[in-house]
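Ligands are counted one by one from 1 in listed order, and the atoms in each one are counted from 1 as well.
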Amino acid sequence: MTRRARGSAQRQPRHKLEVVPLGGLGEFGMNCAALRFGRDIVVIDAGVMFPEEHVLGVNIVIPDFEYLFAHAAEVRGILLTHGHEDHIGALPYLYEKVRAPIYGSDFTLGLAARKLREHRLPHDRALKQVRASDEVKLGPFKVQFIQVTHSIPGTFSLAVQTPVGTLIHSADFKMDQTPIDGRTFDFQTFSYYGDHGVLALLSDSTNAEVEGFTESERSVGAGIDALFRRARSRVVFSTFSSNVHRIQQVIDAAATHKRKVALIGSSMNSTAEVAQSLGHLKVPPGILVEPKEVRRLAPPRVAIVAAGSQGEPMSALSRIALDDHRDVSLQPGDLVLISARAIPGNEKSINRVINHLYRRGAEVIFGGAAPYHVSGHASREELKILLNMTRPRYFVPVHGEVRQLYSHARLAASTGMPRERILLAESGDVVELDERGGRVSGKVPVGRVFLDGTLEEVDEIVVRDRRHISEGGIVLAVVAINRRTGDLVGEPEIVTRGFVDAEARGDLLSEAARVVRKSIGAATPEERADRGVVKALIQRDLKRYFRRSLDRRPMIIPAVVET
Ligand SMILES: [Zn+2]
Ligand SMILES: [Zn+2]
């Protein structure tokens, strides 16, 4: 061996930390990252992405977990930062093949357990509840959970000590100085790590283009209260069911203004139940009523909290808007507040729901901004504070499309961070950190896996097993609808792929066409005028038909043509 060769062999670092983002960098949602040191891996989050409307028949998108499946035996733990869908929605698909212990707060694990139950995955011993400041040792990693504020209870940032240095993953956060539950952002611990040296900071870029500070969740309370004060009839309120602090403020306003509250939608009810049982949601006795009691109460004495703030076609709010809800029928004078920002891609669906609500005679406030909504994510000033508190050697912007990642990188540079220490990576890029420094080097396979789900509510999606799609086949249902009357034009056309029972096919197709005719026939003219609703109805009924008659679960793709 020549001296030169030996020299380079010596320089070859034996200890390196690899940060492998599998989703969420350069795209919105689907957050998932692996930290790898030698033959040990910890996974941070396993989220979904909500597909854009034009992806026919697809309701949910998960990261391609090929990399983690290939290294399943090396995974020491799955760390969940919080319970939002873009962080835990894909957990069942990961956990199905990677049976590692799952760490998170009480509320995060409460929601995660519900998902694993829906997928019939045994998990009781896998769930490891941690509290703020707890430390967990996983192979060469020592993980500390740091309390932060966000739009869901029980959110943690992570400090991961590794043999080459400490990595901080911010998760989603904002610096709310007056949080509803009094659990404040843990500035001290971030400063502690800053003082002791941080190798790398991975930080949330969602609001990297938003100037200033994000307002406190508490400021929404005043907006809600003012609304309750002027409402003369019912108040219908819609937000994400996981936004427990906002629902708390609605319940508080209802108590002040002597209204009863009905929670409508299965995700709204089950999330509230988890939140209440853990003490995150405090409900004064006697204030909650069953949805069916709404009809009996005088309108000025009622507040309704409904799921469906993203315009999901089969959600409670959507059904109410179409006057197709068992318990709630809107009347002129009712006030509807949608207290949420539109997730990119959902604008059209939300708009449709708002149009229907106006047809019912309701006054509609789409509160995408203060005083009816505030973001759960840190704005530029808060992002600078985190950078300055932790003073990392390397900075990797995460959670955002490319434009947000670039803005966050420029923002970091403005705090004095040298450009060469800001590492811009996208999903699939491997960020290497060792004693020689940090760099983006290498790639792992990443991608998106499309699944269809029942079109219930966004955070109540019971998605089918990925395996079932290849086994269940595909059904395409094409219907033409008269734009003016909403009537069916001609026969529905049914095309199937992946069905082996060839002899049954003729009957099967004509029977499926009959099912589609029936779903459209049963819809009201208003529903028929709404392509999103028509598609959802066809999907629901065909799904039921194939399950009942053939015990099959094909992927169903409805296409509606207006003539
Ligand atoms: Zn997120
Ligand atoms: Zn979040």
Next on the checklist: Checking His373 against Arg246 for the side chain to side chain donor-acceptor pair (under 3.5 Å) test, could you report, in this order, the C-alpha distance in whole Å, the side-chain angles of both residues, the deciding distance, and whether it holds?
Outcome noted: CA-CA 9 Å; His373 173 74; Arg246 192 148 312 161; 2.7 Å; yes
Next on the checklist: If you take the centroid of each ring, where Trp contributes its six-membered ring, are His82 and Phe107 closer together than 6.0 Å?
Outcome noted: no
Item to check | N/O/S atom name from Asp86 that is nearest to the position of the Zn ion (ligand 1) | outcome: OD2
Checklist entry - Donor-acceptor pair, Asp40 side chain versus Val75 backbone, under 3.5 Å? => result no
Checklist entry - Does any N, O or S atom in His377 come within less than 2.8 Å of the Zn ion (ligand 2)? => result no
Item to check | Proximal heteroatom of Asp172 relative to the Zn ion (ligand 1) (N/O/S) | outcome: OD2
Next on the checklist: If you take the centroid of each ring, where Trp contributes its six-membered ring, are Phe366 and Tyr372 closer together than 6.0 Å?
Outcome noted: no
Item to check | Shortest-distance N/O/S atom, His84 versus the Zn ion (ligand 2) | outcome: ND1
Checklist entry - In His87, the N, O or S atom nearest to the Zn ion (ligand 1) is which? => result NE2
Checklist entry - Do His169 and His399 have ring centres separated by under 6.0 Å? => result yes
